[in-house]
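Data first, discussion second: the structure below is written as structure tokens.
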Amino acid sequence: MKKIVVFTGAGVSAESGIKTFRDSGGLWEEYDINKVATPQAFQKNPELVLGFYNQRRKQVIDALPNAAHKALSDLEKKFDVHIITQNIDDLHERAGSKKVLHLHGEIMKAQSTRFPQLVYDVKDKEIKIGELCEKGFQLRPHIVWFGEMVPMMEPAIELVSNCDILIVIGTSLDVYPAAGLVNYAAEDAKKYLVDPKAKRLPYLMNLEIIEKTAGEGVPPLVKKLLSE
Ligand code: NAD
């Protein structure tokens with residue numbers, strides 16, 4: 001069975017109504033990264049940071065998977081599919097994708113501030129000050145903040161290095177180390193990039209650029225791959 005790795009960014013969830021970060025109208029125009037998405041911000045003003053992510057969680061709960069998420073889960077009929085997402089939402093899972101690796105964490109989960117390996121489902125609740133892990137330390141969102149290590153990078157590199165087909169969707173490829181992942185794909189692996197404002201990436205061999213939104217570009221691509 002051929003192995004497909006799908007690498008997604010905020011753009012895959014844009015048509016589900018979840019804002020991207022860097023586009024105009026994106027989240028970082030409304031919020032200062034340094035005030036809500038760094039360990040220092042959490043130390044300085046934990047209420048503000050928890051409030052920001054509690055709001056993000058509500059938005060995700062209200063959103064639905066779109067045509068792109070759904071088409072990607074169909075790929076599993078014929079391929080060994082691994083999704084690597086920079087997104088913290090759970091729309092790939094809710095669309096039916098079985099193997100989803102979250103590089104930057106998951107908004108539906110909380111982790112201990114002292115023991116990050118202690119991770120809990122938050123479901124539709126809020127994380128509040130005073131909510132503790134089983135060892136008595138404050139809970140925080142299970143999110144990789146700017147300036148923190150990306151613990152899932154190693155397994156992600158392994159997946160990309162060994163794929164036959166790489167599909168990149170809706171990412172500005174500006175946030176490192178995640179953006180560097182595409183460079184690990186083998187030269188002869190077929191690569192697709194679906195993004196209405198796709199970067200050129202002249203150094204990537206065997207690349208086809210589909211300059212469309214995820215909802216418009218992904219379903220026909222999946223149909224083509226399933227019929228080949
Ligand atoms: P980004 O905001 O930097 O880039 C978004 C990309 O999506 C751009 O290239 C843009 O052209 C493209 N895009 C916009 N609308 C699209 C559409 N309808 N279909 C396809 N592509 C579209 O986001 P990024 O590259 O993912 O990186 C920034 C960080 O933002 C990541 O760390 C990610 O964790 C985080 N983020 C996550 C979510 C989420 O969980 N849904 C939402 C916003 C940001």
Side-chain angles (χ1 to χ4, degrees), residues 6-34 36-39 41 49 52-72 83-95 97 100-109 122 141-153 156 166-183 192-201 204 207-222:
V6 184
F7 177 45
T8 65
V12 79
S13 295
E15 285 153 288
S16 292
I18 299 178
K19 284 184 175 176
T20 61
F21 273 4
R22 281 172 179 68
D23 287 321
S24 62
L27 268 181
W28 294 140
E29 278 189 352
E30 280 174 57
Y31 296 92
D32 179 351
I33 292 186
N34 298 310
V36 291
T38 66
V49 173
F52 173 76
Y53 285 102
N54 286 336
Q55 210 183 323
R56 304 274 78 72
R57 191 173 309 105
K58 277 202 189 105
Q59 276 176 4
V60 167
I61 290 168
D62 290 341
L64 292 172
N66 63 48
H69 297 108
K70 288 181 195 154
L72 291 172
I83 311 255
I84 301 173
T85 187
Q86 298 167 85
N87 295 347
I88 58 175
D89 67 54
D90 60 352
L91 296 180
H92 285 299
E93 287 91 340
R94 277 156 59 195
S97 286
V100 185
L101 181 157
H102 286 268
L103 273 180
H104 294 158
E106 296 174 67
I107 190 69
M108 304 308 289
K109 294 183 178 171
V122 185
H142 181 49
I143 300 288
V144 177
W145 283 325
F146 289 94
E148 290 188 316
M149 299 275 286
V150 183
M152 297 310 280
M153 242 347 246
L166 175 67
I167 306 175
V168 181
I169 308 166
T171 169
S172 58
L173 296 172
D174 280 342
V175 180
Y176 280 83
L181 261 186
V182 294
N183 302 318
Y192 299 92
L193 170 59
V194 185
D195 193 309
K197 291 185 200 150
K199 279 215 166 78
R200 294 297 101 189
L201 308 179
L204 273 194
L207 171 69
E208 182 177 328
I209 294 181
I210 302 171
E211 225 152 11
K212 290 187 177 159
T213 70
E216 289 164 353
V218 175
L221 173 60
V222 165

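Both ligands and their constituent atoms are indexed starting at 1 by order of listing. One-based numbering along the sequence shown. All values derive from a computational prediction rather than experimental measurement.
Heavy atoms of Asp174 come nearer than 4.0 angstrom to ligand 1 in no pair at all.
Any N or O atom pair closer than 3.5 Å counts here, and Lys19 shares no such pair with ligand 1. At under 3.5 Å, a nitrogen or oxygen of Ala10, whether backbone or side chain, sits near a nitrogen or oxygen of ligand 1. Below 3.5 Å of separation, one finds no N or O of Val12 facing any N or O of ligand 1. Between Gly170 and ligand 1, at least one N/O pair is under 3.5 Å apart. An N or O contact shorter than 3.5 Å is missing between Lys212 and ligand 1 by distance. Taking any N or O of Ala214, backbone or side chain, at least one lies under 3.5 Å from an N or O belonging to ligand 1. Between Asp195 and ligand 1, a contact under 3.5 Å exists for at least one N or O pair.
Under a 4.0 Å N-O distance rule, the pair Arg94/Asp89 does not qualify as a salt bridge. In this structure, Glu211 pairs ionically with Arg200, as a charged nitrogen and a carboxylate oxygen lie closer than 4.0 Å.
Cation-pi check for Arg56 over Phe52 is met; the charged atom lies under 6.0 angstrom from the ring centroid and within 45 degrees of its normal.
Within the listing of ligand 1, atoms 15 (N), 18 (N) sit less than 4.0 angstrom from a heavy atom of Ala14. Atoms of ligand 1 found under 4.0 Å from any heavy atom of Glu15, numbered from 1 in the order shown, are 17 (C), 18 (N), 19 (N). Heavy-atom proximity to Val175, at under 4.0 Å, picks out these atoms of ligand 1: 27 (O), 28 (C). Close contacts between ligand 1 and Ile18 involve ligand atoms 41 (N) [criterion: under 4.0 Å to a heavy atom]. In the vicinity of Ser13, heavy-atom distances shorter than 4.0 Å reach the ligand 1 atoms 41 (N).
The backbone and the side chain of Ile88 each have at least one atom closer than 4.0 Å to an atom of ligand 1 (non-hydrogen atoms only). Both the backbone and the side chain of Asn87 come within contact range of ligand 1, each with a heavy atom under 4.0 Å.
At least one side-chain heavy atom of Leu181 sits less than 4.5 Å from a side-chain heavy atom of Leu103. Two residues are said to be in side-chain contact when any heavy atoms from C-beta on lie closer than 4.5 Å; Val144 and Pro151 meet this criterion.
Between His69 and His92, the ring planes are perpendicular. Angles over 60° get that label, and only those under 30° would be called parallel.
Rounded to the nearest 0.5 angstrom, Ile169 CD1 and Ile83 CD1 are separated by 7.0 Å. Taken from OG in Ser97 to CG in Leu91, the straight-line distance is 10.5 Å, to the nearest 0.5 Å. Distance check, rounded to the nearest 0.5 Å: CG of Leu166 to CD1 of Ile84 gives 8.0 Å. To the nearest 0.5 angstrom, His102 atom NE2 is 8.5 Å from Asn87 atom CG.
Within 6.0 Å of NZ in Lys199 there are more than 12 heavy atoms belonging to other residues, nucleotides or ligands.
The heavy atom nearest to atom 3 (O) of ligand 1, considering only Gly17, Ser172, Gly9, is found in Ser172. For atom 41 (N) of ligand 1, the candidate residues are Asp89, Leu173, Ile143, Asn66; the nearest heavy-atom contact is made by Asp89.
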